[in-house]
Amino acid sequence: MRGTKVATIAAVVASVGDLLMLYVANAGRPELGLPAAPPVLLWIGGVLGVLAIPLYAFGYRSAAARVAPRYQRHARVISAAGAAGSILGAVIHGCTAYFIHAGLAA
């Protein structure tokens with residue numbers, strides 16, 4: 001149960017990071033009428049996601065523990081795939097922050 005709580009909090013933190021990055025990426029669009037965003041918000045959003053997304057693995061491990069008594073092999077797959085997906089998600093999040101930065105600088 002603790003792993004589920006950690007993963008849930010991590011999801012909220014990563015979502016805040018996503019929203020910050022989206023705001024920075026879209027603040028320059030005149031049709032939205034958004035005030036300009038300080039560039040540091042992009043990096044704060046990026047760091048929040050990169051640090052929080054790997055913690056999703058705790059949620060997958062918690063889910064795996066629930067099925068482990070009956071389906072041990074399935075539990076191992078859930079845990080391993082969740083960990084791998086969490087790391088990949090963090091890399092994608094960080095790359096997205098970089099690409100937003102590069103796009104705004106161009």
Side-chain angles (χ1 to χ4, degrees):
M1 191 61 132
R2 183 172 177 223
T4 305
K5 290 179 184 177
V6 169
T8 301
I9 292 167
V12 171
V13 170
S15 294
V16 169
D18 284 337
L19 291 173
L20 289 173
M21 288 175 26
L22 282 168
Y23 187 86
V24 171
N26 289 294
R29 294 175 56 190
E31 70 271 17
L32 296 177
L34 298 171
V40 71
L41 287 183
L42 175 62
W43 298 114
I44 291 170
V47 168
L48 287 176
V50 167
L51 294 178
I53 292 171
L55 299 178
Y56 291 8
F58 288 106
Y60 286 103
R61 188 181 309 164
S62 180
R66 294 187 71 143
V67 300
R70 189 151 184 199
Y71 303 103
Q72 189 64 39
R73 186 180 309 170
H74 293 71
R76 285 193 299 272
V77 170
I78 291 168
S79 187
S86 298
I87 297 300
L88 179 61
V91 170
I92 290 170
H93 190 88
C95 288
T96 301
Y98 173 76
F99 293 140
I100 291 170
H101 172 71
L104 293 174

Considering non-hydrogen atoms only, spot the tightest contact between Leu41 and Ala37 and give its length.
-> CD1-CB, 4.3 Å
Which atom names give the shortest non-hydrogen contact between Ala83 and Ala57, and what distance separates them?
-> CA-CB, 3.9 Å
Out of curiosity, Ile100 CD1 to Leu22 CG, how far, rounded to the nearest 0.5 Å?
-> 6.5 Å
Cluster overlap Leu32 with Leu19, hydrophobic side-chain contacts below 4.5 Å = no
Identify the heavy atoms of Tyr23 and Pro35 that sit nearest to each other, and give their distance.
-> OH-O, 2.9 Å
Sequence neighbours excluded, the answer for side chain to side chain donor-acceptor pair (under 3.5 Å) partners of Ser62 is Thr4
So how far is it from Ile53 CD1 to Ile92 CD1, rounded to the nearest 0.5 Å?
-> 8.5 Å
Would you indicate whether the side-chain heavy atoms of Pro38 and Trp43 approach each other to under 4.5 Å?
-> no
Derivation of the side chain to side chain contact (heavy atoms under 4.5 Å, CB included) call for His93 and Leu48 = CA-CA 9 Å; His93 190 88; Leu48 287 176; 5.9 Å; no
Nearest heavy-atom pair of Ile78 and Ala63: which atoms, and what distance?
-> CG2-CB, 4.5 Å
Heavy-atom closest pair, residues Ala52 and Val13 = CB-CG1, 3.8 Å
To the nearest 0.5 Å, what is the distance between CG (Leu55) and OG1 (Thr8)?
-> 11.5 Å
Hey, what do you get for CZ (Arg2) to CZ (Phe58), rounding to the nearest 0.5 Å?
-> 8.0 Å
May I have the step-by-step check of side chain to side chain contact (heavy atoms under 4.5 Å, CB included) for Leu20 and Val24, ending in yes or no?
-> CA-CA 6 Å; Leu20 289 173; Val24 171; 5.7 Å; no
Check the angle between the aromatic planes of His74 and Tyr71 and answer parallel, tilted or perpendicular using the 30° and 60° thresholds.
-> perpendicular
Give a yes or no on whether Met21 and Val16 share a hydrophobic cluster (residues Ile, Leu, Val, Met, Phe, Trp, Tyr; joining criterion: side-chain heavy atoms under 4.5 Å apart).
-> yes
Correct closest heavy-atom pair for Gly46 and Ala97 would be CA-CB, 4.1 Å
